[in-house]
Amino acid sequence: MSANSKARGSRFSAWWEQKNFGQQAIGAFKTGLAAVICVWLGNLLGLAHSYWAAVSAIVVMGFDTTLTFASCRDRIIGTAIGAFMGWVTFYAWHGHYLLYGLSVALCIFACSALAFDKAGRLAAVALSIIVLVKIDNGPAQAAIGRFLEVGLGIVVALVVTLLVFPAHRAKPEIKTAV
């Protein structure tokens, strides 16, 4: 092997490591796996809209375990608040756009007041789905279904994050007395 080809291989290897493609590939694989598991489990459990579980898993999966945990927390809190407020708003709104807008703002404000700022947008999305999408079984069923679907996505995302190619912690150095 020539010195020139060794240098090229070395540059490629350094570039590959700098871009962190290995970790990105693992993260992408884990996200795809979580999405498939969500749809499969959702269908197995008879969830009407199991795609929401897959969407939730895709949204919360991160390349870093800490980021995934924080995203899961925000998603479940936002969905719980939004599902409840969507259920309440459904009975009050009767097509009044101003009331819908106030409900969205209240979701975001409630999450911010509870120090879960990122959950506010997710709460507003859950509220919007329950209020604006016509669901045959009614708003209570829609709120419960939405929460269960998102919950399934979060649980699957956490399990995949922890069990599939888990992040390795650096071993602490043991200092010996000299």
What are the two closest non-hydrogen atoms of [X] and [Y], and how far apart are they?
X      : Y      : answer
Ala54  : Ala35  : CB-O, 3.7 Å
Trp87  : Pro139 : CD1-C, 3.6 Å
Ala143 : Ala83  : CB-O, 3.5 Å
Cys72  : Val60  : SG-CG2, 3.7 Å
Val39  : Ser50  : O-OG, 3.8 Å
Leu127 : Gly86  : CD1-N, 3.7 Å

### Query
Would you say the side-chain atoms of Lys30 pair up with the backbone N or O of Val164, donor to acceptor, closer than 3.5 Å?
yes
When you compare the side chain of [Y] with that of [X], does any pair of heavy atoms fall below 4.5 Å?
X      : Y      : answer
Lys118 : Leu122 : no
Ser128 : Val104 : yes
Arg146 : Val125 : yes
Phe84  : Phe147 : no

Supply the atom-to-atom distance [X] [atom1] to [Y] [atom2], rounded to the nearest 0.5 angstrom.
X      : Y      : atom1 : atom2 : value
Leu33  : Leu163 : CG    : CG    : 10.5 Å
Phe90  : Leu132 : CZ    : CG    : 10.0 Å
His49  : Ile129 : NE2   : CD1   : 10.0 Å
Leu158 : Ile76  : CG    : CD1   : 9.5 Å
Cys107 : Met85  : SG    : CE    : 4.0 Å
Leu45  : Trp40  : CG    : CH2   : 8.5 Å

### Query
Take atom CZ in Arg121; do more than 12 heavy atoms of anything else shown fall under 6.0 Å from it?
no
### Message
For Tyr91, I'd like to know if atom OH has over 12 heavy atoms of other residues, nucleotides or ligands within 6.0 Å.
### Response
yes
If hydrophobic clusters are built by linking Ile, Leu, Val, Met, Phe, Trp and Tyr wherever their side-chain heavy atoms come under 4.5 Å apart, do [X] and [Y] end up in the same one?
X      : Y      : result
Ile154 : Ile58  : no
Val36  : Leu44  : no
Tyr100 : Leu98  : no
Leu47  : Ile130 : no
Leu152 : Met61  : yes

### Val160 and its side chain to side chain contact (heavy atoms under 4.5 Å, CB included) partner, picked from Thr68, Thr31, Ile37
Ile37
### Query
Any chance the side chains of Arg75 and Ser56 put a donor and an acceptor closer than 3.5 Å?
yes
### Task
With sequence neighbours excluded, tell me which residues meet side chain to side chain contact (heavy atoms under 4.5 Å, CB included) with Leu114.
Ile81, Phe116
